[in-house]
Structures are given as C-alpha cells and as structure tokens.
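Below is one structure, written out as structure tokens; comments come after it.
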Amino acid sequence: MASSKLKTTLLALATPALALLTPIVSGMLSGKGARYQKVAQNAIRSAVTTSDNGLDDLIKVFKTFEAGNPLVQTAISEFRTLATAAGITVPELDAVVSHLKCAIYDLATALVPADVLKADATPVAAATTTQTAAG
C-alpha cells in the first residue's frame, strides 16, 4: 500500500519536472546541431574557395555526392579544423558528412542558377559564357 502511494507521489512530481526539462533538452540538442551546421557551411565555403574550379566541383558534388571527391575531402578536413578551433567536439564521420551534404545543398542553391544545377553536366564557366553571349 505504501509502495503504491510512493509511486503515485513520485509520478505526480516527475511529470511536471519532465515537462519542464523537455524544452531545455530539445534546445540543447538543436543548438548543437545548429553549431555543427554552421561549421559545415563554413567548411564547404572554405573548400570551394581554396579549390581550383571550386564552384564547378560544388556543382558536381551537388548533382552526385561522392565522399572521395577532393572538394568533399577538403571540406571534411576543414570541418575538423574549424570545429576544433571553435571548441566543438568533432562528431563521427557520418554526422560530419550529413552536415556537409546539407551545406552543399545550401551553398549550391544560393550561388548557382537553378538551370545550371538541373542541367546534366554544364560547368559554371560554360554556363556563364553562354549567358553572356546570349545576353
């Protein structure tokens, strides 16, 4: 009988406490994900900037993601460097790649015209030349 009453009392106390903790824990988790995503976006930008034909490589990776692509390898290295410098624990490689894929999408759709992203294999330089000649 006392055990049942104790369980009921603990449950009555725990329910409001869990309700209060849920937003805090969710915020902590989403904050961590947002930090990883920001680092991934900076890593992709850095990789595109430091690579020869970086924008063309970004388009290739956007169309067909390959982990062995030099741009992706540079971005992974940049991610690790930036995260370490920011004092952020570097997650497993799978998590890094997931954030980099999102960052590739964000950067490609922000910088590259949609018709170039949808085309089969038109490099940015050729698309720009064609648009300039036509315009």
If you define the side chain from C-beta out and look only at heavy atoms, does anything of Glu66 sit under 4.5 Å from Val61?
no
Counterpart residues, side chain to side chain contact (heavy atoms under 4.5 Å, CB included), relative to [X] (two or more places apart):
X: Tyr105; result: Phe62, Thr109
X: Ala103; result: Gln37, Ala40, Gln41, Ile44
X: Lys60; result: Asp57
X: Ala83; result: Val39, Phe79, Ile88, Val90

Give the minimum heavy-atom separation between [X] and [Y], together with the two atoms involved.
X: Asn69; Y: Leu71; answer: OD1-N, 2.7 Å
X: Leu82; Y: Ala43; answer: CD1-N, 3.7 Å
X: Ser51; Y: Ala47; answer: OG-O, 2.6 Å
X: Ala67; Y: Val72; answer: O-CG1, 3.7 Å

Restricting to pairs with a member in residues 32-59, which pass ring pair (Phe, Tyr, Trp, His ring centres under 6.0 Å), not counting sequence neighbours?
Tyr36-His99
Give, for atom [atom1] of [X] and atom [atom2] of [Y], the distance between the pair rounded to the nearest 0.5 Å.
X: Asp106; Y: Leu100; atom1: CG; atom2: CG; answer: 11.5 Å
X: Thr64; Y: Ile59; atom1: OG1; atom2: CD1; answer: 12.5 Å
X: Thr50; Y: Arg45; atom1: OG1; atom2: CZ; answer: 14.0 Å

Give every residue pair that meets the side chain to side chain donor-acceptor pair (under 3.5 Å) criterion with at least one member in residues 74-91, sequence neighbours excluded.
Ser46-Glu78
